[in-house]
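Inspection log for the structure reproduced underneath, given as structure tokens.
Every value quoted in this text rests on a predicted model; they were computed, and no experiment measured them. Just so it is clear: chains get the letters A, B, ... in the order the sequence lines come, proteins before strands, and each one is counted from 1.
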2 protein chains.
Amino acid sequence: MSQLDRSLIAGLPLFRTAKPEDLDRVLSSARSLRVAKDTTIFEEEAEGHSFFLLLDGHVRVVKTTPGGDQVIVRYISAGELIGIAHAMGRTTYPASAVAAVDCVVLAWPSAMWPEFMAQIPGFGETTYQTVGSRLQDVQARLVEMSTEQVEQRVARVVLRLAEQNGRKTGEGVEIDFPISRQDIAEMTGTTLHTVSRLLAAWEAKGLVKSGRQRVTVVEAGRLQSLAEGRAAST
Amino acid sequence: MSQLDRSLIAGLPLFRTAKPEDLDRVLSSARSLRVAKDTTIFEEEAEGHSFFLLLDGHVRVVKTTPGGDQVIVRYISAGELIGIAHAMGRTTYPASAVAAVDCVVLAWPSAMWPEFMAQIPGFGETTYQTVGSRLQDVQARLVEMSTEQVEQRVARVVLRLAEQNGRKTGEGVEIDFPISRQDIAEMTGTTLHTVSRLLAAWEAKGLVKSGRQRVTVVEAGRLQSLAEGRAAST
DNA sequence: GCGTCTGTTTGCGCCAGCGCAAATTCGATC
DNA sequence: GATCGAATTTGCGCTGGCGCAAACAGACGC
């Protein structure tokens with residue numbers, strides 16, 4: 001296995017306070033993987049033998065119910081860790097991770113987790129803050145699911161995805177990975193039909209542009225109004 | 001302030017691996033408070049100056065939306081920490097904590113958090129596992145909110161509360177703190193009216209007994225069937 | 001023991017959004 | 001550029017559960 005280059009991970013917040021020799025050690029024990037679009041990186045309930053760092057691409061984290069319904073718990077973007085169940089004292093993955101586009105990930109055996117925690121300055125603190133902010137985030141979504149109408153929830157999700165994973169285009173901010181109506185439905189607890197109707201209505205009002213697995217936010221402000229429950233003017 | 005007795009906290013998982021002198025140090029810096037039923041321990045968004053250990057009683061953790069709707073995020077029972085936002089790198093509390101019954105809590109200034117983490121063996125690991133399991137839990141609820149009908153969600157919540165905070169009585173397992181229809185509604189994203197109708201229907205079928213701020217699970221098995229979406233027989 | 005207040009029950013009408021089904025369009029592939 | 005499959009759109013009917021409103025019942029203070 002050829003040694004990976006330090007520059008791959010040097011800029012990440014996760015390793016902000018790590019020393020160069022730490023980076024080398026981290027990299028020397030890493031496996032680097034290419035993951036094709038729609039490939040599963042790890043499966044819910046499976047033994048959590050490895051943890052991963054997403055170097056490039058986007059990954060969706062999905063839970064499946066006994067009834068076969070899927071729910072997208074969150075999207076992960078480059079620079080974030082995945083499969084860190086181990087950090088929380090679990091031995092199995094609580095959800096599946098699927099590449100939303102072709103991805104590059106680094107993988108380490110879970111057995112190395114304690115070593116990372118102990119030896120990389122700032123690693124523990126950063127990851128725990130990550131877990132904490134994910135908790136905040138999921139709690140916020142729970143509140144939204146409990147109190148808001150479908151239109152507001154969909155508006156919020158579209159806005160959040162555009163903010164966090166947006167790419168400016170001539171027309172507005174486009175979500176920079178393929179996302180279907182079904183995906184949005186699975187993030188908002190509704191059906192692809194309803195999402196389709198909403199996007200069509202918004203497009204007619206000029207709030208968004210959308211196509212096959214593609215959504216562009218044109219008027220973020222008015223969409224924000226919708227998300228907050230104030231009926232959008234016009 | 002009189003020194004608190006070690007036995008107050010010696011049995012807790014949180015201090016399982018702490019040494020007796022650690023316990024004394026922890027206690028000597030603690031304030032002990034009695035909190036009357038329905039009193040707020042800390043308010044969402046407020047500056048997180050303290051963290052708390054619930055010694056006795058039950059606390060509900062509540063988030064309020066801009067629109068004024070409340071959502072009960074979880075119940076905390078004796079032995080658990082609350083207000084540990086600080087651990088996750090936040091400076092304000094993400095939710096409010098309200099005493100569900102008369103409670104006894106210990107409080108420490110948040111500034112002491114790093115000291116606890118560094119000096120009490122096992123403290124860090126245990127609390128991070130707690131955060132991790134809360135994340136799992138909220139994620140599971142998010143999935144339920146997204147995919148299940150109201151009746152299933154209410155059944156699940158009642159079962160969970162009875163399991164975690166149940167007290168055996170002659171008739172079944174009673175949730176051992178006062179809980180209103182409104183409270184259950186705020187945990188399941190529905191209205192008190194619907195909860196009332198469901199409990200009435202279940203009571204007619206002999207699955208539960210309930211009264212003013214009181215719920216007893218009589219037939220856990222059949223209620224579990226409901227929670228899993230299989231229509232209950234009879 | 002009496003009034004009051006808070007929590008609960010229940011009836012009724014309505015509608016947001018689901019389920020089903022069919023048509024359509026867009027990309028990708030050969 | 002013809003073919004095929006997946007994603008999307010759209011119509012239609014139905015219903016779970018909400019909103020409103022009013023009556024009711026326990027518990028608690030005086």
Residue closer to the 5' end of DNA chain D, A/Q213 versus B/G189 (nearest nucleotide):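 Checking each residue's closest nucleotide, the 5'-ward one belongs to A/Q213.
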Taking the side chain of [X] as its heavy atoms from C-beta onward, which of [options] lies nearest to it?
X: B/H193; options: C/dT9, D/dG17, C/dC20; value: C/dT9
X: A/Q149; options: D/dG16, C/dG17, C/dT8; value: C/dG17
X: B/V150; options: C/dG17, C/dT9, D/dC18; value: D/dC18

Taking only the side-chain nitrogens and oxygens of [X], find out if one of them lies under 4.0 Å from OP1 or OP2 of [N].
X: B/S180; N: C/dG7; result: no
X: A/T190; N: C/dC18; result: yes
X: A/R212; N: D/dT8; result: no
X: A/R181; N: D/dT9; result: yes
X: A/S196; N: D/dT8; result: no
X: B/T194; N: D/dG17; result: no

Between [atom2] on [N] and [atom1] on [X], what's the gap in Å once rounded to a whole number?
X: A/M145; N: C/dG17; atom1: CE; atom2: P; value: 11 Å
X: A/I184; N: D/dT9; atom1: CD1; atom2: P; value: 10 Å
X: A/L192; N: C/dC18; atom1: CG; atom2: P; value: 10 Å
X: A/E203; N: D/dT9; atom1: CD; atom2: P; value: 8 Å
X: B/L199; N: D/dG17; atom1: CG; atom2: P; value: 14 Å
X: A/E151; N: C/dC15; atom1: CD; atom2: C1'; value: 15 Å
X: B/R153; N: D/dG16; atom1: CZ; atom2: P; value: 14 Å
X: A/K209; N: D/dT8; atom1: NZ; atom2: P; value: 17 Å

Atom CZ of A/R34: over 12 foreign heavy atoms under 6.0 Å: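 No, CZ of A/R34 has 12 or fewer neighbouring heavy atoms, counting only those of other groups under 6.0 Å.
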Donor-acceptor side-chain pairing of A/R167 and A/T169 below 3.5 angstrom: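 No, no side-chain donor-acceptor contact under 3.5 Å.
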Side chains of B/S133 and A/R90, donor plus acceptor under 3.5 Å: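 Side chains of B/S133 and A/R90: no pair found under 3.5 Å.
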Parallel, tilted or perpendicular: rings of A/Y93 and A/F52 (30°, 60°):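 A/F52 vs A/Y93 ring planes: tilted.
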Of B/Q182 and B/R197, the one whose closest DNA chain C nucleotide lies more 5':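 The residue mapped nearer the 5' terminus is B/Q182.
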Under 3.5 Å donor-acceptor pair, B/R214 side-chain atoms to D/dG26 base atoms: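 Answer no: no donor N or O sits under 3.5 Å from an acceptor.
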A/L106: which of A/L33, A/L81, A/L27, A/L54 passes side-chain contact (heavy atoms from CB on, under 4.5 Å):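 Running side-chain contact (heavy atoms from CB on, under 4.5 Å) over A/L33, A/L81, A/L27, A/L54 with A/L106 returns exactly one hit, A/L27.
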